[in-house]
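Each remark here refers to the structure printed beneath this line.
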There are 2 protein chains.
Amino acid sequence: MALPSTDTSRHDNTLAVIRTLRDRGPAARVDLGTLNGISSATVTSISAELLQQGLITERPPEAPRPNGRGRPKTLIELAPNAACVVCVKLSINEIQLVVGDFAGQVRHSEHHTVSTLTLNADDLEALLEDKISALCTRQLTGFQRLAGICLAVQGVVSSQSGTIIWSPALSFRNAPISARLAKRFHCSVLLENDANCIASLLAAQPAYADCPNLVVIMLGYGIGMSVLISGVPFLGANGSAAEFGHSKYQPDGALCACGRRGCIEAYASDYALYRAAADPLELPVGDSAHPSEQQMQALTQLALHGNPVAKRIYAEAGRALGVGIANVLALFNPDLVLITGSGVRGFDAMQTAMHGAIDNALVAELRGTTRIESCAWDRDMTCMGGIAIALNATDSQTLLDSQTAREA
Amino acid sequence: MALPSTDTSRHDNTLAVIRTLRDRGPAARVDLGTLNGISSATVTSISAELLQQGLITERPPEAPRPNGRGRPKTLIELAPNAACVVCVKLSINEIQLVVGDFAGQVRHSEHHTVSTLTLNADDLEALLEDKISALCTRQLTGFQRLAGICLAVQGVVSSQSGTIIWSPALSFRNAPISARLAKRFHCSVLLENDANCIASLLAAQPAYADCPNLVVIMLGYGIGMSVLISGVPFLGANGSAAEFGHSKYQPDGALCACGRRGCIEAYASDYALYRAAADPLELPVGDSAHPSEQQMQALTQLALHGNPVAKRIYAEAGRALGVGIANVLALFNPDLVLITGSGVRGFDAMQTAMHGAIDNALVAELRGTTRIESCAWDRDMTCMGGIAIALNATDSQTLLDSQTAREA
DNA sequence: CCTATTTACTTTAGGTACTAAAATAAATAA
DNA sequence: TTATTTATTTTAGTACCTAAAGTAAATAGG
């Protein structure tokens, strides 16, 4: 007589079990209960359903168990092939595709060099369809379903509407991309800012577990930021929040790639550093708007080894970064600011000036106790974060699908 | 056999009913069900309990009902005297105390002139105890219980720890105040930033119902801000988020009351405007660090009526405000920025320069669709917001108390 | 005035989901 | 071999919710 679809507790508890297994690996029912604040009787009931649906498996007991007394724990774990997700990272002149399984492990990764700036919106869509289709044929056999695709894009995106508003990798704007891919691949397509992917990944690491309010700043060709509030990425009214790179250091200051003046990015990004150094240091110009990694490393070495011009340029970048971070501290007061991205290569050359600028800008009461740290950069981090986001976002649907599949 | 204290649905639904009644006034059971997505059978059950506990009453049917056919609705409403809360607003040289009833109505308000800057932490506590005690004796008879006290304080406060970290109204710092008052009055004591109180009040207004991400900027002696994310006030790691007034306009610019240079507040607050104008306009100096409302109104009139010096000062303030708001747009991307506080008196003189600075700072993609509006200021708004916050925060405890009282 | 209709509220019956406690399972310690 | 320990499953019972049926209280229209 009753159809209490409003009662979400079973659903919530089931998702909690799945996420715990993904985050912490195989676990016993009793531990899953403790970790999620539910009784082990309930975990028994939930895991029986998930076993039926093929979303988890029971791990056979290991031969040499070094445990103590008592009945040994029966570990359950996610069935890796129950579903997979694809993360596509779109950056300047490069596309990376990564496949992750239901347990969150990376199963395949590939890079493609593409001159992204010459594409139009239809080209991009055709290209993505093409690459993802090929991936489906070659890599996704053996998976029960493709649960979702995450597009990680540098720049301003609207996650809600699935529209790339403005990306430095693309010469067109306001491209609704998610809907078309969702239709083509019959799965949910998430559009995320690349910094949000990184932040989600970092926030899940035990080292940062005590920092629910976390700001991640990505230095690189441009400057991105992601803000996690209570562990949840903060998106503004239309998804273009946290544009740290375009907050202001000097009104009417240096010219930024966005076309305005005085943005932090116009001082501390790769192109800004190289632009400032090219003339006085007589560096090779080439495409100075897009300096290569080698060029940037050479410049960084100059600054770190005492070249006065390079030192001055990095110090000014540090000051800009410091003023920007001071504003972030005043406005967000996070537990931790993490600085990463390929541009961390130059962090040591900026650090002193940055801390000086922060201390100069804020009194102790406003400065607070926020830690400011840098974090080594790995170009696969974005996609790993994207996979985690995609799995989390699609668990509910995967659950539903496997329920109806079992009933039929 | 079961004691499912983890099952919160009844509790949640009961709170939802109470809040709906407070926000929208008397309502019928059937409407409460529709509004909260629960069946009217459940509302019948919940309201029966609340009637028992004396938290709501049934309103007698009105004689001339202009309704249509069918059994008339039986309206239920909150029993105003079931509980009360007190909001104490602490600002420079003034303390305001307001009593609100369980239905959210203001029942009493009083102002006291106190030279707050000469108090030490113990003086303040004694003073507050004294004023609240007197209020209890005179105004709180007839109420079932004092559910809570909200302290609305200008400056940086830690809500979590109940500590006033730094307030322009006080000459001491880091004062834990909530715990001591809670002990004295046997009720929960909330410490809130004054801007958060205003923001909570405004967010509840139907005019702003479509703006879940709302930034409220308070202009006045200082400059405060509150950020509501999905309708919830955003507090940082230690509660001192949203210090808009001390975000930067010009590194190494004008001196701010905080001791540092270049803060927005050092350009656009009352003291900054008066300081900039006093010398060239030969204004009466007196205590120019705390200009009076009359002095500020006179200065504003000069700017609005074309005095070139005053116009220039207000334009510069507008630019500072504009750059600060541009940073807020880039970092938070809210639906709406509302500017209020006593300083809105000068908003017309700043507005043009402010919009110019925003447009100059951000390209359209980053500027987004955020509305920027001003909002008339009323000095009672803070306490009304504080009362709403206190009631919301204490409903759960009030419910619990009245349950145990009924059982005993 | 009486009856049909309409709408609001209450009661009943049935279902989901949880928990505590008891029962069972599977190991080690002695 | 037995006692003990720990994990999992089963059982019994509770809280909550909803749909449907029942009851209440009004109006509309003959």
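We name chains A, B, ... by the order of the sequence lines, and we start the count at 1 in each one.
- We find that A:R24 and A:E77 are not joined by a salt bridge, their nearest charged nitrogen and carboxylate oxygen being 4.0 Å or further apart.
- For the pair B:I56 CD1 and C:dC9 P, the computed distance is 12 Å after rounding to whole Å.
- A donor and an acceptor atom never sit less than 3.5 Å apart when one is taken from the side chain of A:R71 and the other from the base of C:dA27.
- Between B:N13 and the phosphate of D:dC17, there is a side-chain N or O to OP1/OP2 separation shorter than 4.0 Å.
- The pair A:D395-A:R22 meets the salt-bridge criterion, since a charged nitrogen lies less than 4.0 angstrom from a carboxylate oxygen.
- Remark: of the listed residues B:T42, B:T20, B:D31, B:T20 is the sole one forming a side chain to side chain donor-acceptor pair (under 3.5 Å) with B:N36.
- If you measure from atom CG of A:L15 to atom C1' of C:dA17, you get 16 Å, rounded to the nearest angstrom.
- A:E58 has its CD atom 15 Å from the P atom of C:dA25, to the nearest Å.
- In this structure, of D:dT8, D:dC17, C:dA20, it is D:dC17 that holds the atom nearest to the side chain of B:T42.
- Between the base of C:dT5 and the side chain of B:R69 there is a donor-acceptor pair shorter than 3.5 Å.
- Side-chain contact annotation: B:R10 with B:S45, donor-acceptor N/O pair under 3.5 Å present.
- Listed nucleotides C:dC18, C:dC9, C:dT19 differ in distance to A:S9; the shortest reach to its side chain belongs to C:dC18.
- The shortest non-hydrogen separation linking B:A79 to B:T57 is CB-CG2, 4.3 Å.
- Here the P atom of nucleotide D:dC17 and the CG atom of B:N36 are 12 Å apart, to the nearest Å.
- A:A28 comes within 4.0 angstrom of the backbone, heavy atoms only, and of no base.
- If you take CD1 of A:I38 and C1' of D:dT9, they are 15 Å apart, rounded to a whole angstrom.
- Checking D:dC17, C:dT10, D:dT8 against every side-chain atom of B:R10, the shortest atom distance belongs to D:dC17.
- Contact check, A:S40 against D:dT9: no side-chain N or O comes under 4.0 Å of OP1 or OP2.
- A:T44 has a side-chain polar atom (N or O) that falls below the 4.0 Å cut-off from OP1 or OP2 of D:dT9.
- Taking atom CZ on B:R59 and atom P on C:dA8, their separation rounds to 17 Å, with Å as the unit.
- Separating the CG atom of B:L75 from the C1' atom of C:dA8 is a distance of 11 Å, rounded to the nearest angstrom.
- Atom-to-atom, CD of A:E49 to P of C:dC18 comes out at 9 Å; the value is rounded to the nearest Å.
- Within 4.0 Å of B:T74, counting heavy atoms only, lie sugar-phosphate atoms of the nucleic acid but no base atom.
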